[in-house]
Engineer: 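There's a structure below that I have some questions on.
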Amino acid sequence: ALRAVVLPQLQPPARAAPLTPRGPAACYGTSVTSAKIQVNGVHLHYQQTGEGSHAVLLLPGMLGSGQTDFGPQLKSMNKQLFTVVAWDPRGYGKSIPPSRDFPPDFFERDAKDAVDLMQALKFKKFSLLGWSDGGITALIAAAKYPNLIHKLVIWGANASVTQEDVRIYNGIRDVSKWSEKVKKPLEELYGHKYLAETCEAWVDGISRFAENSDGNICQQLLPDIKCPTFIIHGEKDPLVPQAHAEYIHKHIKGSR
């Protein structure tokens, strides 16, 4: 269902220059290449598939990785239209070491890492599909690197943190209280100790934004986003109230 909504937003530009096929993914349209590449002093893990002229980067959410968050997209997005890259931000998935930390600029750091990863892979222009923290990262990347971003799709993202958000975040601080469905794949990826410690650090890290004026994460950057932008929000999203999606829509000109 998500693909049915997202794919029409991501038709390749009429005059997109074809990308040079690289590696097994280009030769065998359904295969997925898994590799690491050094970017900004760390080795970032990514998966790549498809041979289309429209490059798309998939940005996972808090504690997520390309495989845990985007398995269906890696498998099923149109591989003739798109070249799909899913990445593991530093400290997540297989981009360990380093261990994940949350300095005040961690979203800006992820945005720079993501853009520099795509440039290291020789993509001149690309679209971003980001959810949750990956959506915030995508917003910042689209605002700061407008000449590189073709289109933007985000869901479950927020540009600020309220005191109510902090209350919600503290409700997931203890991973032992998570449902098995959510917890199991992440425990298999990280082990219980790393998952528990990193979740606590994430809650502390993102809650600090509530101390800013208006709880700002990237509100001031939204008017700088010039690419076509499509915002999706789950009516039953337990972590991100719908008002966040409405705020983002209001402040990105021409967004849908």
Side-chain angles (χ1 to χ4, degrees), residues 5-6 8-17 39-40 44 54-62 82 85-87 89-90 102-162 165 205-233 237 239-256:
V5 176
V6 171
Q9 311 305 318
L10 289 172
Q11 294 308 311
R15 298 171 62 187
V39 176
N40 298 328
L44 295 176
H54 189 151
V56 175
L57 176 65
L58 309 176
L59 299 97
M62 174 265 282
F82 304 116
V85 179
W87 82 309
R90 62 171 73 196
F102 299 93
D105 66 342
F106 73 90
F107 282 119
E108 282 83 0
R109 182 182 66 183
D110 282 350
K112 180 168 172 50
D113 281 350
V115 167
D116 290 351
L117 167 71
M118 292 299 278
Q119 292 197 296
L121 294 175
K122 308 300 183 191
F123 295 108
K124 291 182 172 61
K125 197 161 188 174
F126 45 92
S127 292
L128 303 173
L129 270 67
W131 95 277
S132 186
D133 276 16
I136 300 171
T137 300
L139 289 169
I140 293 169
K144 288 194 165 186
Y145 309 96
N147 294 332
L148 300 176
I149 308 307
H150 178 48
K151 294 187 178 184
L152 173 65
V153 181
I154 59 164
W155 59 107
N158 47 300
S160 64
V161 175
T162 67
D165 295 328
I206 198 162
S207 295
R208 279 196 295 269
F209 289 103
E211 301 167 8
N212 295 342
S213 175
D214 295 325
N216 178 53
I217 300 175
C218 61
Q219 291 171 315
Q220 77 286 0
L221 293 176
L222 300 183
D224 296 337
I225 296 174
K226 307 302 182 189
C227 64
T229 300
F230 189 50
I231 301 158
I232 303 168
H233 201 77
D237 190 317
L239 274 183
V240 183
Q242 187 173 322
H244 285 299
E246 292 167 353
Y247 180 95
I248 294 168
H249 173 47
K250 181 179 179 181
H251 290 86
I252 300 178
K253 188 175 180 180
S255 64
R256 293 196 287 154

Engineer: Would you compute the distance between atom NZ of Lys144 and atom CD1 of Ile225 and round it to the nearest 0.5 angstrom?
Structural biologist: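 Reported value, rounded in 0.5 Å steps: 12.0 Å.
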Engineer: Atom OG1 of Thr137 and atom CH2 of Trp87: how far apart are they, to the nearest 0.5 Å?
Structural biologist: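 Spacing of OG1 (Thr137) from CH2 (Trp87) equals 6.5 Å.
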Engineer: Do Met62 and Ile206 have side chains that get closer than 4.5 Å, going by heavy atoms?
Structural biologist: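 The answer is no, as the side chains (C-beta and beyond) never meet within the 4.5 Å cut-off.
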Engineer: Side chains of Trp155 and Leu129: does their closest heavy-atom pair fall under 4.5 Å?
Structural biologist: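 In contact.
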Engineer: Should Leu152 and Leu139 count as side-chain neighbours, where that means a heavy-atom distance under 4.5 Å?
Structural biologist: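 Heavy-atom side-chain distance check passes, below 4.5 Å.
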Engineer: Would you say that Val56 contacts Phe126 through its side chain, given a criterion of any heavy-atom pair below 4.5 Å between the two side chains?
Structural biologist: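 The answer is no; the side chains never approach within 4.5 Å.
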Engineer: At their closest point, which heavy atom of Ser160 faces which heavy atom of Asp165, and how far apart are they?
Structural biologist: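 Closest pair (atom of Ser160, atom of Asp165, distance): O-OD2, 3.8 Å.
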Engineer: Which heavy atom of Leu239 sits nearest to which heavy atom of Pro241, and what is that distance?
Structural biologist: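 Shortest heavy-atom separation between Leu239 and Pro241 comes out as O-CD, 3.6 Å.
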Engineer: Going by the angle between their ring planes, with limits at 30° and 60°, are Phe107 and Phe209 parallel, tilted or perpendicular?
Structural biologist: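 It falls in the tilted class, 30° to 60°.
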Engineer: Quick check for you: to the nearest 0.5 Å, what is the distance between Leu221 atom CG and Ile140 atom CD1?
Structural biologist: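 Answer for the CG-CD1 pair, Leu221 versus Ile140, is 6.5 Å.
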Engineer: Just verifying a value: how many Å separate His251 NE2 and Cys218 SG, rounded to the nearest 0.5 Å?
Structural biologist: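 Output value for this atom pair is 11.5 Å.
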Engineer: Work out which heavy atom in Ala157 is nearest to a heavy atom in Val240; give both atom names and the distance.
Structural biologist: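 Minimum heavy-atom separation between Ala157 and Val240: O-CG1, 3.7 Å.
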Engineer: Begin from the C-alpha positions of Phe106 and Asp133 and carry the test side-chain contact (heavy atoms from CB on, under 4.5 Å) through to its verdict.
Structural biologist: CA-CA 10 Å; Phe106 73 90; Asp133 276 16; 4.3 Å; yes
Engineer: Which distance, rounded to the nearest 0.5 Å, do you find between the CD of Glu246 and the CD1 of Ile231?
Structural biologist: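 Glu246 atom CD to Ile231 atom CD1 measures 10.0 Å (nearest 0.5 Å).
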Engineer: Taking all non-hydrogen atoms of both residues, which atom of Phe102 and which atom of Arg208 are closest, and how far apart?
Structural biologist: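 Residues Phe102 and Arg208, closest heavy atoms: O-NH2, 2.5 Å.
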Engineer: Are Pro223 and Lys253 side-chain neighbours, meaning at least one heavy-atom pair lies under 4.5 Å?
Structural biologist: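 No. Closest side-chain heavy atoms not under 4.5 Å.
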Engineer: Would you check if Leu148 and Met118 make a side-chain contact, meaning some heavy-atom pair closer than 4.5 Å?
Structural biologist: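 No, every pair of side-chain atoms sits at 4.5 Å or beyond.
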Engineer: Which heavy atom of Ala142 sits nearest to which heavy atom of Cys227, and what is that distance?
Structural biologist: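 Scanning both residues completely, I find the closest heavy atoms to be CB-SG, 4.3 Å.
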Engineer: How close do Ser132 and Gly61 get, heavy atom to heavy atom, and via which atoms?
Structural biologist: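 Looking at all heavy atoms of both residues, the shortest contact is CB-CA, 3.8 Å.
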Engineer: With rounding to the nearest 0.5 angstrom, report the CG to CG distance, Asp113 to Leu59.
Structural biologist: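 Taking CG in Asp113 and CG in Leu59, the distance rounds to 11.0 Å.
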Engineer: Indicate whether the side chain of Ser127 and that of His150 have a donor and an acceptor atom separated by less than 3.5 Å.
Structural biologist: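 On atom types as modelled, these side chains do not qualify, holding no pair under 3.5 Å.
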Engineer: Does the pair Asp105 and Arg109 meet the rule for a salt bridge (charged side-chain N to carboxylate O under 4.0 Å, His left out), with working shown?
Structural biologist: CA-CA 6 Å; Asp105 66 342; Arg109 182 182 66 183; 5.7 Å; no
